[in-house]
Amino acid sequence: MDLNTFIIQLLHERGDTIHGRVQLQKLVYFCKALGVNINASYKLYIYGPYSQQVADALQDCVADDILTEANGIIEKGKEYDEFFDFIVHTGTVLDTRSKSIVHDILQLCGTMTTKELEITATTFFINRQQKALFGDDNKEAVIRKVSNAKGNRFNQEEIERSYYRVSTEFLALEKKYALAM
């Protein structure tokens, strides 16, 4: 799915407001990681998983006045309703599985602060990387790598809490959608 189209639908499902670029990046990251078919690649960056494609899509939507971005808030622009109607009319809406993933991610991330999203997405990213590269998700290795990646931005308790959140909530969603394929 086209990223602009996905971001518009994510915003719609979110309730027409996303609190900044970091939150947008993390919500899209989690959706992609759980299986929504969108063209975005992620690398670990200062505030966790980052996609230049997502940043570019947001810029395009703002430039086309589909979205506005002011004071750290991303919301509907003047052309939003017309673009959203086009999405619905052309049938490029989220399929049932993708909509379910978006719903689950929004429910899980809904009350998290931007800082919590950052550390949780970083932990999830590193946990998945640990599994892909080494075939395990060794807690100590993941926590050590998260500590190294985040430096002094997060204390040990915050990192441990993010690992717990990832291992109990996000990995359950990962399994749910892996089985649904």
If you compare all heavy atoms of Ile66 against all heavy atoms of Tyr80, which two are closest, and at what distance to 0.1 Å? O-CB, 3.2 Å
Rounded to the nearest 0.5 Å, how far apart are CG of Asp64 and CG of Asn4? 7.5 Å
Tyr47, OH: over 12 other non-hydrogen atoms inside 6.0 angstrom: no
Would Asp137 and Arg128 pass as an ion pair if we require N to O under 4.0 Å? no
Could you check whether atom CD of Glu82 has more than 12 heavy atoms from other residues, nucleotides or ligands sitting under 6.0 Å from it? no
Side-chain heavy-atom pair Phe124, Ser162 within 4.5 angstrom cut-off: no
Between Glu158 and Arg165, is there a salt bridge with N-O shorter than 4.0 Å? no
To the nearest 0.5 Å, what is the distance between CG on Leu24 and CG on Leu67? 8.5 Å
When hydrophobic residues are tied together by side-chain contacts of less than 4.5 Å, even through go-betweens, does Ile18 share a cluster with Ile87? yes
Output yes when Glu116 and Arg161 qualify as a salt bridge under the 4.0 Å nitrogen-oxygen rule, no when they do not. no
Short question: side chain of Lys150, backbone of Ile46 - any donor-acceptor pair under 3.5 Å? yes
Are Gln129 and Phe134 close enough, and set up right, to give a side chain to side chain contact (heavy atoms under 4.5 Å, CB included), and what steps lead you there? CA-CA 8 Å; Gln129 190 176 54; Phe134 304 108; over 6 Å; no
Side chain to side chain contact (heavy atoms under 4.5 Å, CB included) for Arg14 and His19? Distances and angles first, verdict last. CA-CA 10 Å; Arg14 173 89 169 117; His19 297 279; 3.7 Å; yes
Are Glu75 and Asp16 close enough that some pair of their side-chain heavy atoms sits under 4.5 Å apart? no
In terms of the angle between their ring planes, are Phe83 and Phe86 parallel, tilted or perpendicular, with boundaries placed at 30° and 60°? tilted
List the steps, then state whether side chain to side chain contact (heavy atoms under 4.5 Å, CB included) holds for Val146 with Asn127. CA-CA 9 Å; Val146 172; Asn127 190 74; over 6 Å; no
Non-hydrogen side-chain atoms of Leu3 and Leu58 separated by less than 4.5 Å: no
Return the CG to CG distance between Leu173 and Asp104, rounded to the nearest 0.5 Å. 5.0 Å
Closest heavy-atom pair, Thr120 versus Met112, reported as atoms and distance to 0.1 Å, is OG1-SD, 4.1 Å
Measuring from atom CD of Glu169 to atom SG of Cys109, what distance do you get when rounded to the nearest 0.5 angstrom? 9.0 Å
With a 4.5 Å limit on heavy-atom distance, are the side chains of Lys131 and Leu171 in contact? yes
So which atom in Pro49 and which in Thr122 form the shortest heavy-atom distance, rounded to 0.1 Å? CD-N, 3.7 Å
Has Lys115 got its NZ or CZ under 6.0 Å from the middle of the six-membered ring of Phe154, at an angle within 45 degrees of the ring axis? yes
Quick one: does Gln25's side chain get under 4.5 Å of Tyr45's, heavy atoms only? no
Between Thr92 and Met1, what is the shortest heavy-atom contact and its length? O-CE, 3.2 Å
Please say which of Ile8, Asp65, Asp81, Thr68 ends up in a side chain to side chain contact (heavy atoms under 4.5 Å, CB included) with Lys76. Asp81
Is there side-chain contact between Val142 and Val166, with heavy atoms separated by less than 4.5 Å? no
Working to the nearest 0.5 angstrom, can you tell me the gap between Thr17 OG1 and Gln23 CD? 9.5 Å
When you measure from the side chain of Asp95 to the backbone of Arg97, do you find a donor-acceptor pair of N or O atoms at a distance under 3.5 Å? yes
Chi angles and distances behind the side chain to side chain donor-acceptor pair (under 3.5 Å) call for Asn138, Gln130: CA-CA 8 Å; Asn138 178 282; Gln130 180 74 18; 5.8 Å; no
Write down the atom of Lys176, the atom of Ser100, and the distance for their closest heavy-atom approach. NZ-OG, 4.4 Å
Side-chain donor-acceptor pair under 3.5 Å between Ser41 and Gln53, yes or no? yes
How long is the straight-line distance from NZ of Lys139 back to OG of Ser167, given to the nearest 0.5 Å? 7.5 Å
Is there a path of hydrophobic side-chain contacts, each under 4.5 Å between heavy atoms, that joins Leu117 and Tyr50? no
Name the orientation class of the two ring planes belonging to Phe125 and Tyr29 (parallel below 30°, tilted from 30 to 60°, perpendicular beyond 60°). tilted
For Phe170 together with Phe30, are the ring centres under 6.0 Å from each other? yes
Are Ile119 and Tyr42 connected into the same hydrophobic cluster when the rule is that any two of I, L, V, M, F, W, Y join if their side-chain heavy atoms are below 4.5 Å apart? yes
Considering only heavy atoms from C-beta outward, does the side chain of Leu27 approach that of Ile105 to under 4.5 Å? yes
Is there a side chain to side chain contact (heavy atoms under 4.5 Å, CB included) between Gln9 and Val102? Walk through the geometry before answering. CA-CA 9 Å; Gln9 292 180 78; Val102 167; over 6 Å; no
Under 4.5 Å between any side-chain heavy atoms of Lys145 and Glu140, yes or no? no
